[in-house]
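Worksheet: one structure, shown below.
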Amino acid sequence: MKRNKLFLFPAVLLLTAGLAGAQPLPDESSTPGGVAVIPLGNESKPEAYYRDNRVMVVGEPGNWHAVVGIPLSAKPGRHFLTVRNGGDESKRAFEVRDKEYETQYITIDDDRKVNPTKYDMERIRKERQLISAAKRTWSERDAVPLTMAVPVEGPMSSPFGLRRFFNNQPRNPHSGMDIAAPTGTPIRAPAPGRVINTGDYFFNGNTVFIDHGQGLVTMYCHMDEIGVEDGDIVNSGDVIGKVGETGRVTGAHLHWSVIMNNATVDPALFLTEEERP
């Protein structure tokens, strides 16, 4: 096996006629919580990996691109993509730029949702395993929907990436987009996919995960009702549940997350310009 080739590419969005005709790409934002689009070339479709997670590859012979989700924990600087094609293995270097997210302070009336009991933690640990498995889902699919519709009508109440403090205690950054809407408002699938997990989780409340292919997974939290079951195939616009305020919330809203290669990224990058907040 040939190994340790190193190539340096700018992480820019290259929409050549062939690739653009085949599949639109999300907005490129090579920052923590963003998406890098990296040209690969290659006649045959290669496999790509970032931080030991397989990465989406789209395009056509001679014009393949890796679409890489960058976790919020990523440090600015040079990062590396491993590309495998037949017996060859090479490295592609790309730059991650710094990004400052705003800080948000939230007061939660139910202190258990901030400082869980020992019994709560047992439940949370079990749920984390299920949630992690859903986020790591990989299904091989050529056509992956990289442009999405907003899943519920309403104003964005909290953007992605906020550095959060619950009752003045630091917690993980906000890993999705919150959309405020009255309890019972329909939640619609923003793109075609398959339901891979549903459940009532301690922090997330009633939750649905949809697999869209090649490591692209979406998550919907705090539902009042879940309207689908594991294994269901959904199309764009299908109702998957209703807005609620289950789990750790301060009011009725939908928390919508987009996951790529096991990294939670900004959902706004997948929206059309008209729908972007």
Quick one: does [X]'s side chain get under 4.5 Å of [Y]'s, heavy atoms only?
{"X": "I179", "Y": "V150", "result": "yes"}
{"X": "M156", "Y": "W256", "result": "no"}
{"X": "K99", "Y": "I70", "result": "no"}
{"X": "F160", "Y": "L72", "result": "yes"}
{"X": "V234", "Y": "V195", "result": "yes"}
{"X": "L40", "Y": "V57", "result": "yes"}
{"X": "S29", "Y": "D266", "result": "no"}
{"X": "L254", "Y": "P151", "result": "yes"}

SB check [X] [Y] (cutoff 4.0 Å):
{"X": "E95", "Y": "R78", "answer": "yes"}
{"X": "D232", "Y": "R194", "answer": "no"}
{"X": "E122", "Y": "K126", "answer": "no"}

Distance check, rounded to the nearest 0.5 Å: [X] atom [atom1] versus [Y] atom [atom2]?
{"X": "E245", "Y": "H222", "atom1": "CD", "atom2": "NE2", "answer": "10.5 Å"}
{"X": "T117", "Y": "D111", "atom1": "OG1", "atom2": "CG", "answer": "10.5 Å"}
{"X": "C221", "Y": "I187", "atom1": "SG", "atom2": "CD1", "answer": "9.5 Å"}
{"X": "T272", "Y": "D27", "atom1": "OG1", "atom2": "CG", "answer": "10.5 Å"}

Quick check: does any side chain N or O of [X] sit under 3.5 Å from a backbone N or O of [Y], one acting as donor and the other as acceptor?
{"X": "H253", "Y": "G251", "value": "yes"}
{"X": "T185", "Y": "A181", "value": "no"}
{"X": "D98", "Y": "P76", "value": "no"}
{"X": "Q214", "Y": "R141", "value": "yes"}
{"X": "T246", "Y": "N206", "value": "yes"}
{"X": "N85", "Y": "E47", "value": "no"}
{"X": "H174", "Y": "P159", "value": "yes"}
{"X": "T31", "Y": "R97", "value": "no"}

With no hydrogens and no angle check, do the side chains of [X] and [Y] hold a donor and an acceptor under 3.5 Å apart?
{"X": "D224", "Y": "T183", "answer": "no"}
{"X": "T218", "Y": "Y220", "answer": "yes"}
{"X": "R163", "Y": "T103", "answer": "yes"}
{"X": "R84", "Y": "T82", "answer": "no"}
{"X": "S139", "Y": "D211", "answer": "yes"}

Co-membership, hydrophobic cluster, residues M223 and V249, 4.5 Å side-chain: no

Identified side chain to side chain contact (heavy atoms under 4.5 Å, CB included) counterpart of T250 within the set D109, I108, T107: I108

Partner residues of E140 under the side chain to side chain donor-acceptor pair (under 3.5 Å) criterion, sequence neighbours left out: R54, W138

With sequence neighbours excluded, residues passing side chain to side chain donor-acceptor pair (under 3.5 Å) with D200: none

Parallel, tilted or perpendicular: rings of H79 and Y50 (30°, 60°): tilted

D120/R112 under salt bridge (Lys or Arg N to Asp or Glu O under 4.0 Å): CA gap, chis, key distance, verdict: CA-CA 8 Å; D120 293 333; R112 281 179 56 199; 2.5 Å; yes

Side-chain hydrophobic cluster, 4.5 Å single linkage: members besides [X]:
{"X": "I124", "value": "M121, F202, F203"}
{"X": "Y49", "value": "none"}
{"X": "V217", "value": "L130, I131, I196, Y201, F209, M219, I259"}

Any pair counted as salt bridge (charged side-chain N to carboxylate O under 4.0 Å, His left out), so long as it reaches residues 246-255, sequence neighbours left out: none

